[in-house]
Asks: 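To start, I am sharing the structure in question, which I have written as structure tokens.
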Amino acid sequence: MHAKTDSEVTSIALSSPTRSPRRPVYYVQSPSRDSHDGEKTTASFHSTPVLSPTGSPPHSNSSVGHHSRESSSSRFSGSLKPGSRKVTPNDTTRTTTGASRKVGGGKHWKECAVIEEEGLLEDEDDNKGVIPKKCYFLAFILGFFILFSLFSLILWGASKSQKPQISLKSMKFENFIIQAGTDATLVPTDMVTMNSTLMLTFRNTATFFGVHVTSTPVNLNYYELTLATGDIKEFYQSRKSQRTLNVVVVGKRIPLYGGGASLTSSNGKSNNSPPVPLNLSFQVRSRAYVLGKLVKPKFYINVQCSLVLNQNKLNSPVSLKNSCQYS
């Protein structure tokens, strides 16, 4: 072994390339995805080598390092998931302190995401508790109809208890004549003619409505044979009022055929003619318009009276006070 001269040392140094020290590698971790439903949060991390700026490779290896970084970056970007952040080449120029800050920033990002999710859930809960205006409108319409129906039902029930009243006072017979004749088909038979007047009182007991009154024909019958009829004209009776009516009941040339064989008439002469049993029947109808045509109660009163015609007491009123039934 011989000592190397200065020229040899200089040549060896120029001929052998200078070996750079081993460069430290840093890894940046980023969260891939946080669960949105808040039940379970999972974080997957992808590691990407970041070369330290302190150990820059020589110019001869720059193309290899650049190709390695591009392939590494492309693999990392291909594995990114929603919610992860791509690492750009600019991030590789950060120091060790910067890398630690980036990891801490990822944790802070996850905390903000959880807070935002909780805020969204709270907003959804608040929206669930808010009733739309359309529902208020429908509820108002439904409530109005229910209240109106209840009010109408109360009015109907109150009006039904205030039924009109009718009372028959008397009936006067002016004449009662039986004579021979022929009917429309020229069949010979006995014919009856009579005139009478019925007196009655109608009273409206209602305190808050009037009634419109009509009636069926007033029939005066001898058993099943109708001898005379009359009509009550329609009228209006105001609340808490009454009126007296005189109804003309007339029969003119009514054929008796065989039904009135036992009937005889005095023909204005004073004799012992037998009394004639008669039946009076009709129906009084009343209608009230309490709430327009929505609440219009109806009242029906059926009248049945039994009376006796005494031919010896014509033109004398016959009392009907205790002779009638009302239903």
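For this chain, numbers begin at 1 and follow the sequence in order. The basis for the numbers below is simple: all heavy atoms, side chains too, and nothing from hydrogens, waters or symmetry mates.
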Asks: Side chain of T229, backbone of P217: donor and acceptor closer than 3.5 Å?
Replies: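 Not at all, since once roles are kept as given, no pair shorter than 3.5 Å links the two residues.
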
Asks: For the side chain of T216 and the backbone of Q283, is there at least one donor-acceptor N/O pair under 3.5 Å apart?
Replies: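 Yes: the side chain of T216 pairs with the backbone of Q283.
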
Asks: Could you tell me whether the side chain of K160 and the main chain of K298 form a donor-acceptor pair under 3.5 Å?
Replies: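 Checking the backbone N and O of K298 against the side chain of K160, a donor-acceptor pair under 3.5 Å is found.
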
Asks: Mind running side-chain hydrogen bond (donor to acceptor under 3.5 Å, both in side chains) on Y257 and D183 for me, showing each step along the way?
Replies: CA-CA 9 Å; Y257 302 110; D183 62 2; 2.8 Å; yes

Asks: Verify side chain to side chain contact (heavy atoms under 4.5 Å, CB included) between K313 and V318, making sure each step is shown before the conclusion.
Replies: CA-CA 9 Å; K313 295 181 179 180; V318 179; over 6 Å; no

Asks: Taking S196 for the side chain and V249 for the main chain, is one N or O donor matched with an acceptor at less than 3.5 Å?
Replies: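 Yes; judged by distance alone, with no hydrogens or angles, the pair exists.
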
Asks: Kindly compute the distance separating OG (S306) from CG (N279), expressed to the nearest 0.5 Å.
Replies: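 Answer rounded to 0.5 Å: 4.5 Å.
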
Asks: Do V192 and Q179 have side chains that get closer than 4.5 Å, going by heavy atoms?
Replies: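 Answer no - side chains too far apart.
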
Asks: Are side-chain heavy atoms of P164 and F202 found at a separation under 4.5 Å?
Replies: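 Contact flag for P164/F202 side chains = yes.
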
Asks: Pairing donors with acceptors under 3.5 angstrom, does anything connect the side chains of N221 and T226?
Replies: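 Their side chains do contain a donor-acceptor pair, which is all the 3.5 Å distance test asks for.
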
Asks: Look at the side-chain heavy atoms of Ile, Leu, Val, Met, Phe, Trp and Tyr, link any pair under 4.5 Å apart, and say whether L225 and F176 land in one connected group.
Replies: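 Yes; F176 is reachable from L225 via cluster members.
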
Asks: Are side-chain heavy atoms of L314 and L309 found at a separation under 4.5 Å?
Replies: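 In short, these two side chains touch, coming nearer than 4.5 Å.
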
Asks: Side-chain contact test, heavy atoms from C-beta onward, threshold under 4.5 Å: evaluate it for I177 versus M194 and give yes or no.
Replies: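 SC-SC contact between I177 and M194 ruled out.
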
Asks: Apply side chain to side chain contact (heavy atoms under 4.5 Å, CB included) to L280 and L198, showing your working.
Replies: CA-CA 10 Å; L280 185 69; L198 174 66; 3.8 Å; yes

Asks: For C305 versus V303, what's the shortest heavy-atom pair and its separation?
Replies: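 Closest pair (atom of C305, atom of V303, distance): SG-CG1, 3.8 Å.
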
Asks: Taking the side chain as every heavy atom from C-beta outward, state whether T207 and K240 have any pair of such atoms under 4.5 Å apart.
Replies: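 They are in contact (side-chain heavy atoms under 4.5 Å apart), so the answer is yes.
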
Asks: Does a side-chain heavy-atom distance below 4.5 Å link L278 with Y222?
Replies: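 Yes, at least one pair of side-chain atoms sits under 4.5 Å.
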
Asks: Got F148 and L294 here, is their nearest side-chain heavy-atom distance under 4.5 Å?
Replies: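 Yes, side chains in contact.
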
Asks: Using the rule that two of Ile, Leu, Val, Met, Phe, Trp, Tyr join whenever any of their side-chain heavy atoms come within less than 4.5 Å, decide whether M199 and F173 are in one cluster.
Replies: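 Result: no, two separate clusters.
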
Asks: Taking L256 as the starting point, is it possible to reach M191 by hopping between hydrophobic residues whose side chains are less than 4.5 Å apart?
Replies: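 Different hydrophobic clusters.
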
Asks: Are more than 12 heavy atoms, taken from residues, nucleotides or ligands other than F144, located less than 6.0 Å from that residue's CZ atom?
Replies: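 No, because the 6.0 Å sphere around CZ of F144 holds 12 heavy atoms or fewer from other groups.
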
Asks: What do you reckon, is OH of Y326 surrounded by more than 12 foreign heavy atoms closer than 6.0 Å?
Replies: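 Atom OH in Y326 is crowded, with more than 12 foreign heavy atoms closer than 6.0 Å.
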
Asks: Establish, for the pair K163 and Y300, whether the NZ or CZ atom is under 6.0 angstrom from the six-membered ring centre and no further than 45 degrees off its axis.
Replies: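 No - K163 does not lie over the ring of Y300 by the 6.0 Å and 45° rule.
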
Asks: Which heavy-atom pair separates S215 from F282 by the least distance, and what is that distance?
Replies: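 Reported closest heavy-atom pair: OG-CD1, 3.8 Å.
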
Asks: Quick one: are V308 and V276 in side-chain contact, heavy atoms under 4.5 Å?
Replies: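 No - every pair of side-chain heavy atoms lies 4.5 Å or more apart.
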
Asks: Counting only heavy atoms not in R239, do more than 12 fall under 6.0 Å of its CZ?
Replies: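 It does not: R239 CZ has 12 such atoms or fewer within range.
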
Asks: Determine whether F299 and V213 fall in the same hydrophobic cluster, where Ile, Leu, Val, Met, Phe, Trp and Tyr are linked whenever their side-chain heavy atoms lie under 4.5 Å apart.
Replies: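 In one cluster with F299: V213, yes.
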
Asks: Determine yes or no for a side-chain-to-main-chain donor-acceptor pair under 3.5 angstrom, with D231 supplying the side chain and K233 the backbone.
Replies: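 It does not hold such a pair.
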
Asks: Can you name the closest pair of heavy atoms from P297 and V290 and give their distance?
Replies: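 In this case the closest contact between P297 and V290 is CD-CG2, 3.7 Å.
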
Asks: What's the separation between atom CZ in F209 and atom NZ in K296, rounded to the nearest 0.5 Å?
Replies: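 Result: 15.0 Å between the selected atoms.
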
Asks: So, for G181 and R253, which heavy atoms are closest and what is the spacing to 0.1 Å?
Replies: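 Nearest heavy atoms, G181 then R253: CA-NH2, 4.3 Å.
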
Asks: For V218 and I232, run side chain to side chain contact (heavy atoms under 4.5 Å, CB included): C-alpha distance rounded to whole Å, both residues' side-chain angles, the deciding distance at 0.1 Å, then the answer.
Replies: CA-CA 8 Å; V218 180; I232 299 177; 4.2 Å; yes

Asks: Could you give the distance from OG (S327) to CD (Q304), rounded to the nearest 0.5 Å?
Replies: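 Separation between the atoms: 7.5 Å.
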
Asks: Quick one: OG on S286 to CG on N204, what's the gap to the nearest 0.5 Å?
Replies: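 Going from OG on S286 over to CG on N204, the span is 7.5 Å.
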
Asks: How about Y289 and H212: are their ring centroids closer than 6.0 Å?
Replies: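 Between Y289 and H212, the centre distance is under 6.0 Å.
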
Asks: Of all the heavy-atom pairs spanning S152 and V295, show the shortest one and how long it is.
Replies: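 What the structure gives for the nearest pair is CB-CG2, 3.7 Å.
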
Asks: Please walk me through it: do L200 and I166 pass side chain to side chain contact (heavy atoms under 4.5 Å, CB included)?
Replies: CA-CA 7 Å; L200 59 90; I166 187 171; 4.1 Å; yes

Asks: Answer with yes or no whether the hydrophobic clustering places L291 together with F145; edges join I, L, V, M, F, W, Y residues whose side-chain heavy atoms lie under 4.5 Å apart.
Replies: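 No; F145 is not reachable from L291 via cluster members.
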
Asks: Quick one: OG on S167 to NZ on K321, what's the gap to the nearest 0.5 Å?
Replies: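 Result: 8.5 Å between the selected atoms.
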
Asks: Could you give the distance from OG (S281) to CG (N219), rounded to the nearest 0.5 Å?
Replies: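 It comes to 5.0 Å.
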
Asks: If I compare all heavy atoms of E174 with all of N315, which pair ends up nearest, and what's the gap?
Replies: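 Smallest heavy-atom distance, with atoms named: CA-OD1, 3.2 Å.
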
Asks: Does S238 form a side-chain hydrogen bond (donor to acceptor under 3.5 Å, both in side chains) with S241? I'd like the steps, not just the answer.
Replies: CA-CA 6 Å; S238 60; S241 62; 3.1 Å; yes

